[in-house]
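Working notes, beginning with the structure itself.
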Number of protein chains: 2
Amino acid sequence: MSCVNEFAPQLRARGFRATPQRMVILHVLRHAGGHLTPSQVFEQARIDLPGLTEPTIYRTLEFLATSGFVLAAHVGNGKMVYELAEAQHHHLICRHCGASTEIEHAPLETLYHQLEVTTGYRLDSSHVTLFGLCPACQS
Amino acid sequence: MSCVNEFAPQLRARGFRATPQRMVILHVLRHAGGHLTPSQVFEQARIDLPGLTEPTIYRTLEFLATSGFVLAAHVGNGKMVYELAEAQHHHLICRHCGASTEIEHAPLETLYHQLEVTTGYRLDSSHVTLFGLCPACQS
DNA sequence: ATCCTTATTGCAAGTTTTTGCAATTGTATC
DNA sequence: GATACAATTGCAAAAACTTGCAATAAGGAT
Ligand SMILES: [Mn+2]
Ligand SMILES: [Mn+2]
Ligand SMILES: [Zn+2]
Ligand SMILES: [Zn+2]
């Protein structure tokens with residue numbers, strides 16, 4: 001659990017609490033190499049913290065997402081998935097076979113800037129999911 | 001209901017059936033000026049077709065979406081929403097107040113093309129949702 | 001008009017996600 | 001270290017969504 005110590009002061013500095021539930025969930029996300037669904041987070045997290053309940057999983061993941069500690073995404077299977085917010089990236093997913101490719105943020109910069117100018121919105125550049133057909137599924 | 005007659009032959013031509021359930025749901029979507037959640041579709045549609053059930057709503061909306069008659073989107077409140085697939089467009093939504101602005105597809109063309117070249121995927125350009133802060137919420 | 005095939009629906013049950021509220025527990029202050 | 005306040009949690013119930021399967025009915029063929 002020492003690998004999530006950094007988060008406690010970050011939470012407190014913003015007026016939030018560093019609860020065991022939050023620490024365990026962050027810990028699970030840190031050691032999962034990729035996107036996890038709420039049930040997957042629940043399965044893992046309850047091992048370290050037996051009393052933990054599902055409503056807390058859902059509420060905590062949403063809290064961590066809106067406060068910027070984790071990224072959320074819809075990846076086409078209907079379920080929301082979460083991961084620790086580390087490197088900036090996006091996803092490109094095959095509608096047919098589900099194959100998925102990571103996209104850097106760089107190629108979206110121009111578009112984001114252009115949209116900010118024309119709409120007046122300030123875009124936050126996080127974790128977009130685009131769909132299409134992968135090379136193998138185009139026949 | 002004559003306003004959804006066009007869909008019956010389109011369905012049959014592709015080997016699907018033009019069922020009353022599908023016609024009514026398309027009719028509801030045609031007269032709703034915007035995105036509807038499955039429950040909203042259900043409320044409306046059951047008026048015209050009393051026997052209609054929720055599983056049929058969910059399955060039909062998903063069917064219509066994957067076969068291209070309707071567009072689906074996640075608009076930030078956790079619920080999926082649907083609308084008739086007419087003009088090509090995308091959405092820009094304020095994370096803070098929920099305000100939303102439509103985006104033309106044109107500004108995304110360059111990006112899509114660039115991503116197709118670098119990834120080999122063929123992007124289908126439908127109904128992306130981007131998030132940010134609207135002009136009013138940027139203080 | 002009737003028959004046949006099979007896509008689609010309804011039903012019943014299961015799973016997932018949300019919500020309201022009272023009890024708990026972090027953390028700031030003394 | 002003890003106290004007080006408010007954020008956060010667990011609990012119980014509700015709502016939303018999914019699934020398997022048997023019954024129905026759309027549409028093509030005769
Ligand atoms: Mn990701
Ligand atoms: Mn739309
Ligand atoms: Zn594929
Ligand atoms: Zn706003």
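In the text below, chain A, chain B and the rest are named by the order of the sequence lines, each starting its count at 1.
- Between A:Tyr82 and A:Pro38, the closest side-chain pair of non-hydrogen atoms falls below 4.5 Å.
- The nearest whole Å value for the distance from the CG atom in B:Leu49 to the C1' atom in D:dA25 is 13 Å.
- Less than 4.0 Å separates DNA chain D from at least one heavy atom of each of the following residues of residues 54-80 of chain B: B:Pro55, B:Tyr58, B:Arg59.
- B:Arg22 forms no cation-pi arrangement with B:Phe7, by the criterion of a distance under 6.0 Å to the ring centre and an angle within 45° of the ring axis.
- Judged by distance alone, with hydrogens and angles left aside, the side-chain atoms of A:Gln40 form a donor-acceptor pair with the main-chain N or O of A:Thr37 at under 3.5 Å.
- Map B:Ala18 and B:Pro38 each onto its nearest nucleotide of DNA chain D; the residue landing nearer the 5' end is B:Pro38.
- Distance, B:Phe16 CZ to D:dG27 P: 13 Å, rounded to whole Å.
- Formation of a donor-acceptor pair under 3.5 Å by the A:Gln21 side chain with backbone atoms of A:Thr56 is not found in this model.
- With hydrogens and angles ignored, the 3.5 Å screen pairs no side-chain donor or acceptor of B:Glu54 with any backbone N or O of B:Phe42.
- Here A:Phe63 and A:Phe16 bring their ring centres to under 6.0 angstrom of each other.
- Here the range on DNA chain C touched by chain A, meaning any atom under 4.0 Å from one of its heavy atoms, is C:dT16 to C:dT27.
- Between the side chain of A:Arg17 and the base of D:dA6, at least one donor-acceptor pair of N or O atoms lies under 3.5 Å.
- Counting only residues at least two apart or on different chains, the side chain to side chain donor-acceptor pair (under 3.5 Å) pairs with a member in residues 85-94 of chain B are B:Arg30-B:Glu86, B:His35-B:His91, B:Glu83-B:His89, B:Gln88-B:Ser125, B:His89-B:His91, B:His89-B:His127, B:His90-B:His105, B:His91-B:His127.
- Each of A:Asp124, A:Val117, A:Thr119, A:Thr118 was checked for a side-chain contact (heavy atoms from CB on, under 4.5 Å) with A:Tyr121, and the lone residue meeting it is A:Thr119.
- Judged by closest nucleotide on DNA chain D, A:Gly51 is the one of B:Pro20 and A:Gly51 placed further toward the 5' end.
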